[in-house]
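Nothing here was measured: the structure is a model prediction, and the numbers come from that model. Counting convention: from 1, in listed order, for ligands and their atoms alike.
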Amino acid sequence: MITTGSIAEIQAIISDFKSANKKIGFVPTMGALHQGHLSLVAEAKKKADIVVCSIYVNPTQFNNPDDLKKYPRNIDTDKGLLDKNGCDVLFFPSDEVMYAGRNTISFDFGKLDKVMEGKFRPNHFSGVALIVSKLFNIIMPDFAFFGQKDLQQLTIIKKLVEELFFNLKVITVPIKREPHGLAMSSRNERLSKQEREDAKIFYNALTEAKTLLSKNHSAQEVQLKVESLFSDHPARLEYFEIVSDKDLLPKTENYLAPDTVLCIAGFIGNVRLIDNMYLNVNS
Ligand code: AMP
């Protein structure tokens, strides 16, 4: 695996691959890699000739300075995992390379970035769109792989690609879970053994909500049920929403349509976790 933090260097490497007619698959990450990230790498290997991953903890998408400071960083382990799992090129830039002291551009996605995560993490998606645009322009991939785990991010990136005419295809990869259901996340590393147990509530709440909706309970009943699960529990619920994956707005009917997705976010201690589940797909 080739590793570089230089834009000029990675562009030269990619240009050589493109001259040889190789298709580039790109997996952007913030590191502290787990099986979820590696499932994106596996998909990229299936679809593309060359797999490029990036590891960059992007400061502009963190609205909470403490979350940025405590974000897990395991670069040596990550490099080993990527190498073993068939990544061809790792882009690992510094803040100086990615921002050079500048942070002047912001994005507004209308309603898409004002609901759910956007409501609780102001400017988060502007930072995501900025870094993803920079990375797309540097790497110019044919395919870019994103996890369904960050459903709102996925919707926003698809919009970004469409509106800015990025010449690439976004591929969605399903959520990888721990055996008892907890969605894999780099932030899980910050949970104690007990907290990991407590964190099962997010998956359990989604599963229960899915069952109730499938049995024709109303959105309001389901909302109340989910809130009641958290009422006497160490986890704190931030939001539970039943939305369409098209516009991320709440659905009040036609739940069994394929766009319905249940989204949840909350805290275990000071660690914030998110998860989601389609109503009519196993996820
Ligand atoms: P992150 O490093 O958290 O920014 O995530 C990098 C990519 O991995 C994003 O596209 C995430 O959606 C994806 N990802 C994170 N966790 C999972 C998971 N449990 N299953 C599948 N993809 C994931």
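Under 4.0 angstrom from ligand 1, the non-hydrogen atoms of L40 all belong to its side chain. Residue-level proximity to ligand 1 for Y56 is absent, since no heavy atom of it falls below 4.0 angstrom. The backbone of P174, and not its side chain, has at least one atom closer than 4.0 Å to an atom of ligand 1 (non-hydrogen atoms only; backbone = N, CA, C, O). Contact annotation for H37 and ligand 1: only side-chain heavy atoms (C-beta onward) come within less than 4.0 Å of the ligand. Contacts between S185 and ligand 1, counted as non-hydrogen atom pairs separated by less than 4.0 Å, are absent for every part of the residue.
N58 places no side-chain N or O within 3.5 Å of a backbone atom of I131 that could act as its donor or acceptor partner. Judged by distance alone, the side chain of Q152 and the main-chain N or O of L112 form a donor-acceptor pair under 3.5 Å.
Of the protein's heavy atoms, Y71 OH, 3.8 Å lies nearest to atom 3 (O) of ligand 1. The protein heavy-atom contact nearest to atom 23 (C) of ligand 1 is K149 CB, 4.0 Å. With hydrogens left out, the protein atom closest to atom 4 (O) of ligand 1 is M30 CG, 3.6 Å, a heavy atom. Closest to atom 11 (C) of ligand 1, if we only count protein heavy atoms, is D150 OD2, 3.1 Å. The shortest contact between atom 20 (N) of ligand 1 and any protein heavy atom is with K176 N, 2.9 Å.
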*asked:* salt bridge (charged side-chain N to carboxylate O under 4.0 Å, His left out) for K114 and D108? Distances and angles first, verdict last.
replied: CA-CA 9 Å; K114 308 297 179 297; D108 187 330; 2.8 Å; yes

* Given K200 and E178, is the salt bridge (charged side-chain N to carboxylate O under 4.0 Å, His left out) satisfied, shown in steps? -> CA-CA 10 Å; K200 287 181 188 171; E178 302 288 353; over 6 Å; no

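The shortest heavy-atom distance from P28 to ligand 1 is under 4.0 Å. The closest approach between any non-hydrogen atom of H34 and ligand 1 is below 4.0 Å.
Summarising the geometry, atom CE belonging to M277 is positioned 13.0 Å from atom CD1 belonging to I242; distances are rounded to the nearest 0.5 Å.
Under the side-chain contact (heavy atoms from CB on, under 4.5 Å) test applied with F91, the options I55, I7, I2 reduce to a single match, I7.
For ligand 1 and F146, the ligand atoms under 4.0 Å from any heavy atom of the residue are 10 (O). For ligand 1, the atoms closer than 4.0 angstrom to any heavy atom of G36 are 18 (C), 20 (N), 21 (C), 22 (N). Remark: ligand 1 atoms within the under-4.0 Å shell around heavy atoms of M184 are 16 (N), 17 (C), 18 (C), 19 (N). In summary, the atoms of ligand 1 found under 4.0 Å from a heavy atom of T29, numbered by their order in the structure, are 2 (O), 6 (C). Per-residue contacts place G147 under 4.0 angstrom from the following atoms of ligand 1 (heavy atoms of the residue considered): 9 (C), 10 (O), 11 (C), 12 (O), 13 (C), 22 (N).
Heavy-atom neighbours of K176 NZ from other residues, nucleotides or ligands within 6.0 Å: at or below the threshold of 12. Within a 6.0 Å sphere centred on CG of D66, other residues, nucleotides and ligands contribute more than 12 heavy atoms.
Remark: aromatic rings of Y239 and F120 are close, center separation under 6.0 Å. Ring centroids of F240 and F230 are separated by 6.0 Å or more, keeping the two rings apart.
Under the 4.5 Å side-chain contact rule for hydrophobic residues, I139 and V128 share a cluster.
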